[in-house]
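Index from 1, following the sequence.
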Amino acid sequence: VSTSGVLFFALSSSAARDFHEQLQKQSITKYYLTVVRGWPPEKGSIDIPMPTDSSVDSVPCLTHYRRLRTIELPY
């Protein structure tokens with residue numbers, strides 16, 4: 001299971017350039033909200049490298065999470 005995707009529209013070429021530089025420097029922190037089935041721990045970390053297009057390399061990927069709430073849904 002994975003999450004991905006951001007669509008960014010720059011209103012100027014300088015804004016696009018600045019954003020691209022921040023992505024390259026990895027100075028941007030990304031936050032995701034997701035809904036999962038089951039009962040995950042209240043908080044934790046997942047440290048699994050992300051594969052790349054190359055069959056050899058992978059990118060380090062550390063995700064910290066915390067559960068915001070739980071709910072039991074009827075089937």
Q: So if I apply the side-chain contact (heavy atoms from CB on, under 4.5 Å) rule between P49 and each of P60, S58, C61, which one comes out positive?
A: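 Among the candidates, only S58 passes.
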Q: When clusters are formed from ILVMFWY side-chain contacts under 4.5 Å, directly or step by step, what else is grouped with L33?
A: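 L68, all in the cluster of L33.
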Q: Should side-chain heavy atoms under 4.5 Å link Ile, Leu, Val, Met, Phe, Trp and Tyr, which residues sit in the same cluster as I46?
A: I48, Y65
Q: List the residues meeting side chain to side chain contact (heavy atoms under 4.5 Å, CB included) with R37, not counting sequence neighbours, and say none if there are none.
A: Y75
Q: Which residue pairs pass the side-chain hydrogen bond (donor to acceptor under 3.5 Å, both in side chains) test when at least one of the two sits in residues 14-28, sequence neighbours left out?
A: S12-S14
Q: List in chain and number order the residues that pass side chain to side chain contact (heavy atoms under 4.5 Å, CB included) with L62, two or more places apart in sequence or in another chain; answer none if no residue qualifies.
A: S45, D47, H64
Q: Return the set of residues passing side chain to side chain contact (heavy atoms under 4.5 Å, CB included) with P40 (not counting sequence neighbours), or none when no residue passes.
A: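 P40 satisfies side chain to side chain contact (heavy atoms under 4.5 Å, CB included) with V36, R67 only.
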